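What follows is a set of notes on a single structure, which appears directly below.
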Amino acid sequence: MKNKDLIYNLVPQQKFYDSMGADWKPIIMFNQFPNIRSKYCNTDTFGLRFNNLKDNSKKISIFENTISNKKKNAIIIGNSTTFGEGQSSDEKTISNFLTENSEYNFYNFSGRGFSGFQEIAQFLILNHNVLNLDRIIVISGVNDSYLPYFIDKFDDEQTPIFGYNKFLKTMSNASRGWKNKIFKALFSNFLKNKKKDWNRINSLNWRDELFGSSTLKSEDNIEASKDVALKQILERNINIWSFITKGMNIKFDYILQPVGSWCKPVKTKEEEAIFNEENNLSSNQKIFKHVDHNKYLLVKKIIRNATNKNGLNFCDMNEEFNNNELEEKWLFTSRLHLSDMGSEILSKKIIEKLF
């Protein structure tokens, strides 16, 4: 991608991360591919990232690669930031920094592009592999902040995710029978409602579905309804984490991840150059317009209130990154991802604030 040459010059490992595809899975929808081997990033048989893989010739899991049995066990989970997107090696991830500098072995359950509910699903699927779990740290927030606005349509009780529209289209086409396809071929050009849900139509109800009155949801005040959806999504996720961690009697911390457009008002020359380059990418513009300061204040308010209500610990790392001492430090490799230094500083602040 020619328009990313400047970013690749400043952050050469980003070219590798941009080449990583999604391994599609049931329940969580997608994950990283398993058994990736490179100087930048290594994943295990589950697609989870290693902290510090010594023998890269074996197909092993992170659960067989524990650094010290004398430490307590903890899980860190989140989206691409916590996965380590943009880090120059596994050793520069937040998870590894925390493992090296705390009393915990941290298992990194994070997934690139995960929503908050996918993070929960990932934990439910894999947590049985971690014995004597003492702590969970969630570092998240930004994906949930824009997905309800970025995804055109989603069911009221479902959390929008990356690939949502692709999933609906693929499953819709795959599940339609031959009679249904005939109905569409015969009648689609004659109907006023071109967006009719053809999966609903069968040999028993086709008259009512094709020619009956249509009940459509009102699209009035769409942005306000999306704000409501955002609140419901975040509150539900935090309620679920409360049920899980209190039921398991383990420590829990929710950290609102630092975001380049939410904190650090003074940018380094590298950050300014990267952010300006990102502004020229049309795919990014569709996302970044929903990740402004007003959205930050809204998300922070919702999460703070929800964690307080559930008696859970909350920490906003954007506040911690708004520090004069960090003005000249290169912390972001994109608006949504941290540099090696940013990852290290974040891990230090987690230890200072929470441990």
Side-chain angles (χ1 to χ4, degrees), residues 17 20-34 36 41 43-49 61-62 75-85 93-95 106-130 133 136-171 226 229-245 248 252-257 259 287 290-291 299 302-303 306-307 312 336-337:
Y17 289 105
M20 290 177 66
D23 186 22
W24 295 93
K25 290 179 172 290
I27 311 300
I28 61 170
M29 298 303 294
F30 56 80
N31 202 0
Q32 296 78 228
F33 280 101
I36 293 173
C41 173
T43 61
D44 74 349
T45 54
F46 299 100
L48 301 175
R49 188 166 188 171
S61 77
I62 63 172
I75 290 172
I76 187 171
I77 191 164
N79 49 49
S80 53
T81 296
T82 323
F83 172 78
E85 173 106 1
T93 60
I94 300 167
S95 179
F106 273 91
Y107 297 91
N108 192 347
F109 278 25
S110 304
R112 302 168 74 232
F114 271 9
S115 68
F117 192 74
Q118 285 172 293
E119 294 161 6
I120 293 169
Q122 178 91 309
F123 171 80
L124 293 175
I125 293 169
L126 295 173
N127 79 88
H128 67 279
N129 292 288
V130 181
L133 179 61
I136 299 173
I137 294 180
V138 173
I139 304 177
S140 189
V142 72
N143 286 353
D144 284 333
S145 78
Y146 65 78
L147 279 171
Y149 307 80
F150 180 69
I151 303 298
D152 293 333
K153 294 180 180 179
F154 57 92
D155 293 341
D156 291 341
E157 296 304 317
Q158 294 288 327
T159 300
I161 62 169
F162 286 111
Y164 191 91
N165 294 332
K166 181 185 293 186
F167 166 75
L168 291 181
K169 182 178 180 179
T170 302
M171 292 303 295
K226 289 180 180 290
L230 171 64
K231 184 173 185 293
Q232 291 173 340
I233 288 167
L234 291 172
E235 288 179 343
R236 180 180 63 184
N237 291 344
I238 291 169
N239 285 340
I240 294 172
W241 279 122
S242 178
F243 297 149
I244 292 171
T245 54
M248 297 178 70
F252 177 82
D253 305 282
Y254 191 109
I255 296 175
L256 181 57
Q257 66 190 97
V259 177
I287 293 176
H290 300 299
V291 191
V299 169
I302 294 170
I303 296 175
T307 49
L312 301 175
L336 308 182
H337 303 126

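From a predicted model like this one, the values you see are computed outputs, not experimental measurements.
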For residues Asn31 and Gly47, report the shortest heavy-atom separation together with the two atoms involved.
-> OD1-O, 4.2 Å
Non-neighbouring partners of Glu85 that pass side-chain hydrogen bond (donor to acceptor under 3.5 Å, both in side chains), sequence neighbours left out | Gln14, Arg112
Kindly compute the distance separating CZ (Phe83) from CD1 (Ile94), expressed to the nearest 0.5 Å.
-> 12.0 Å
Closest heavy-atom pair, Ala121 versus Ile27, reported as atoms and distance to 0.1 Å, is CB-CG2, 4.2 Å
Polar side-chain atom of Asn108 near backbone of Thr82 as donor-acceptor pair, under 3.5 Å | yes
Tightest non-hydrogen contact, residues Asn79 and Ser140, listed as ND2-OG, 3.9 Å
Can you tell me how far the OG atom of Ser242 sits from the CG atom of Asn237, to the nearest 0.5 Å?
-> 12.5 Å
Measure the CD1-OG1 distance between Ile139 and Thr81 for me, rounded to the nearest 0.5 Å.
-> 8.5 Å
Tell me, please, which residues at least two apart from Asp44 pass side-chain hydrogen bond (donor to acceptor under 3.5 Å, both in side chains).
-> none
Interatomic spacing from CG in Asn127 to CD1 in Ile77 - rounded to 0.5 Å = 9.5 Å
Closest contact, heavy atoms only, Thr43 versus Pro34 = OG1-C, 3.4 Å
What residues form a side-chain hydrogen bond (donor to acceptor under 3.5 Å, both in side chains) with Gln32, not counting sequence neighbours?
-> none
Measure the spacing between CD of Glu119 and CD1 of Ile28 and express it to the nearest 0.5 Å.
-> 11.5 Å
List in chain and number order the residues that pass side chain to side chain contact (heavy atoms under 4.5 Å, CB included) with Ser115, two or more places apart in sequence or in another chain; answer none if no residue qualifies.
-> Phe117, Gln118, Asp144, Leu147, Thr159, Ile161
Gap separating the NZ atom of Lys25 from the CD1 atom of Ile125, nearest 0.5 angstrom = 8.5 Å
Pairing residues for Thr307 by the side chain to side chain contact (heavy atoms under 4.5 Å, CB included) criterion, not counting sequence neighbours = Ile238, Tyr254, Ile303, Leu312, Phe314
Minimal non-hydrogen separation, Thr93 against Gly84, with atom names | CG2-CA, 4.1 Å
Which heavy atom of Ser110 sits nearest a heavy atom of Gly78, and at what distance?
-> OG-N, 3.0 Å
Not counting sequence neighbours, which residues clear side chain to side chain contact (heavy atoms under 4.5 Å, CB included) with Ile244? List them please.
-> Ile120, Phe123, Leu124, Ile240, Trp241, Met248
Name the orientation class of the two ring planes belonging to Phe30 and Phe114 (parallel below 30°, tilted from 30 to 60°, perpendicular beyond 60°).
-> tilted
